[in-house]
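Keep in mind the model is a prediction, meaning the values are calculated, not measured.
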Amino acid sequence: MMGYAAADVLNKITPADISDPQEVIARAKGLSAELGTPITPGFEALVFKASRDIEDIYELTYIRKDGSRFPAVVSVTALRDDEGAIIGYLLIATDNTARKQAEEALRNGQVYTRSLVEADIDALMATERLGQLIDDMLLLSRVTRCRMHVEETDMSAPAAEVAERLVQENPQRDAQLSIEPRMTATGDRQLLHIVLGNLLGNAWKFTSKHEHAHVSMGTERDPEHGLAFFVRDDGAGFDLRYKDKLFVAFQRLHSREEFPGTGIGPATVERVVRRHGGRVWPNAQVGQGTTFHFTLGGAS
């Protein structure tokens with residue numbers, strides 16, 4: 001969207017450096033008057049409200065590497081550690097060009113209201129995706145940094161609850177979900193439940209194109225890793241040549257149009273498993289389904 005390579009921006013520039021400078025100055029002045037405190041034009045002006053835990057979504061013009069510009073809707077969230085200290089900020093920008101063009105055309109009498117309605121629908125969908133992305137990014141940050149409370153944890157009951165919820169939300173699906181009983185593991189209960197929700201939810205999603213589907217979770221002995229949990233489906237699968245991308249945030253092996261999502265779930269699973277001293281690995285074949293195996297240091 002911006003035309004930069006990662007090496008161009010990491011540890012070199014902030015979002016203020018790719019924003020229209022006059023708009024950043026105007027925002028700083030407006031916030032200073034609104035909040036009754038001087039705010040410096042620059043990065044502070046873009047994150048000040050978020051730093052005070054005030055919801056902040058605003059419009060700004062972004063400047064690409066080639067100098068071209070586009071209107072963006074920016075959402076800002078502060079990231080905090082367990083003690084509440086700010087460790088960074090999450091800024092997510094959505095290209096707002098389509099809506100701006102529709103508004104301009106309407107003002108000039110070039111369209112009927114239907115085009116603007118369609119732009120509003122697109123904007124609403126983008127906002128919903130943005131909200132989900134923010135939630136997933138915050139969850140990824142939390143599972144990476146939160147303090148763990150290790151205890152013996154029931155894996156079967158919460159997995160069965162996830163399966164029941166998926167069936168209730170999609171009663172039209174012809175799908176069978178089977179959960180092995182009496183599975184336990186030693187680990188952080190909340191984090192392990194996040195793993196179950198992600199893996200079972202993904203299996204459910206990637207079987208949605210099949211008329212009949214089967215999703216299962218259980219345990220089996222792996223010759224290399226010992227006892228391992230697995231979540232198996234007979235859905236879309238993927239090419240194992242790209243498995244290294246799977247656990248990198250935002251990397252997707254299927255298009256959003258084919259299967260919606262933010263591309264953060266597998267990365268979240270991998271970080272939780274790694275924090276438990278285990279590892280997670282896939283086995284898949286295109287059109288033949290996917291199996292995720294994972295181990296935990298205290299699995300029993």
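Both Tyr4 and Leu46 belong to a single network of hydrophobic side chains, linked directly or stepwise wherever heavy atoms of I, L, V, M, F, W or Y lie under 4.5 Å apart. A chain of hydrophobic side-chain contacts below 4.5 Å, direct or via other Ile, Leu, Val, Met, Phe, Trp or Tyr residues, connects Val231 to Val167. Hydrophobic clustering (ILVMFWY, side-chain heavy atoms < 4.5 Å, transitive): Leu296 and Val150 are in one cluster. With hydrophobic clusters built from ILVMFWY side chains whose heavy atoms lie under 4.5 angstrom apart, Val286 does not share a cluster with Tyr242. When hydrophobic clusters are built by joining Ile, Leu, Val, Met, Phe, Trp and Tyr residues whose side-chain heavy atoms come closer than 4.5 Å, directly or via intermediates, Leu35 is not grouped with Val74.
Annotation: the span from Thr40 atom OG1 to Phe48 atom CZ amounts to 9.5 Å, rounded to 0.5 Å. Here CZ of Arg221 is found 5.0 Å from CG of Leu227. Values are rounded to the nearest 0.5 Å. Atom CZ of Phe206 sits about 8.0 Å away from atom OG1 of Thr290, to the nearest 0.5 Å. Taken to the nearest 0.5 Å, the OG atom of Ser156 stands 3.5 Å off from the CE atom of Met183. Interatomic distance, CD1 of Ile264 versus CZ of Arg271, reported as 9.5 Å (0.5 Å rounding). Rounding to the nearest 0.5 Å gives a distance of 8.0 Å between CG of Asp56 and OG of Ser75.
Residues Phe292 and Val273 are not in side-chain contact: their nearest non-hydrogen atoms beyond the backbone lie 4.5 Å or more apart. Contact annotation: the side chain of Arg173 never approaches that of Leu166 to less than 4.5 Å [non-hydrogen atoms, C-beta and beyond]. Contact of the Val162 side chain with the Trp204 side chain is not registered, since no non-hydrogen atoms from C-beta on lie closer than 4.5 Å. Using a 4.5 Å cut-off on side-chain heavy atoms (C-beta onward), Thr153 and His193 make contact. Inter-residue side-chain proximity for Ser216 and Leu177 is flagged as unmet; no heavy-atom pair is nearer than 4.5 Å. Residues Met217 and Leu196 meet the side-chain proximity criterion, which asks for heavy atoms closer than 4.5 Å.
Judged purely by atom type and a 3.5 angstrom limit, Lys243 has no side-chain atom pairing as donor or acceptor with the backbone of Phe238. When atom types are taken as modelled, the side chain of Asp188 and the backbone of Leu191 share a donor-acceptor pair closer than 3.5 angstrom. Between the side chain of Tyr62 and the main chain of Pro15, no donor-acceptor pair closer than 3.5 Å is present.
Heavy atoms only, all atoms of each residue included: Ala28 and Ile39 are closest at CB-O, 3.6 Å. Between Gly265 and Asn198 the shortest heavy-atom distance is CA-OD1, 3.3 Å. When every heavy atom of Arg80 is checked against every heavy atom of Ser51, the shortest pair comes out as NH2-O, 3.2 Å. Minimum heavy-atom separation, Asp234 to Ala213: OD1-CA, 3.6 Å. Of all the heavy atoms in Ala50 and Val76, the pair that sits closest is CB-CG1, 3.6 Å. Of all non-hydrogen atoms in Phe230 and Thr219, the two that sit nearest each other are CE2-N, 3.5 Å.
Screening Thr14, Val47, Leu60, Thr77 for a side-chain contact (heavy atoms from CB on, under 4.5 Å) involving Leu91 leaves a single residue, Val47.
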Legend entry - Worked verdict on Val269 versus Phe294 for side chain to side chain contact (heavy atoms under 4.5 Å, CB included): CA-CA 9 Å; Val269 169; Phe294 66 95; 5.8 Å; no

Inset, instruction - Please report the C-alpha distance between His293 and Glu220 in whole Å, then the side-chain angles of each, then the deciding distance to 0.1 Å, and finally whether the side chain to side chain donor-acceptor pair (under 3.5 Å) criterion is met. - result: CA-CA 9 Å; His293 291 88; Glu220 58 189 21; 2.6 Å; yes

Inset, instruction - Under the side chain to side chain contact (heavy atoms under 4.5 Å, CB included) rule, what do Arg27 and Leu31 come out as? Steps first, then yes or no, please. - result: CA-CA 6 Å; Arg27 176 171 172 79; Leu31 288 176; 3.8 Å; yes

Inset, instruction - For Phe229 and Glu180, run side chain to side chain contact (heavy atoms under 4.5 Å, CB included): C-alpha distance rounded to whole Å, both residues' side-chain angles, the deciding distance at 0.1 Å, then the answer. - result: CA-CA 10 Å; Phe229 296 92; Glu180 180 181 318; over 6 Å; no

Inset, instruction - Apply the test side chain to side chain contact (heavy atoms under 4.5 Å, CB included) to residues Val195 and His276: give CA-CA distance (whole Å), side-chain angles for both, the deciding distance (0.1 Å), then the verdict. - result: CA-CA 12 Å; Val195 169; His276 283 79; over 6 Å; no

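Inspection of the Gln190 and His149 side chains reveals no N or O donor paired with an N or O acceptor under 3.5 Å. A donor-acceptor pair shorter than 3.5 Å can be found between the side chains of His214 and Ser178.
Salt bridge annotation for Asp66-Arg64: absent, with no cationic side-chain nitrogen under 4.0 angstrom from a carboxylate oxygen.
Crowding of Glu34 atom CD: a count of heavy atoms from other residues, nucleotides or ligands under 6.0 Å exceeding 12.
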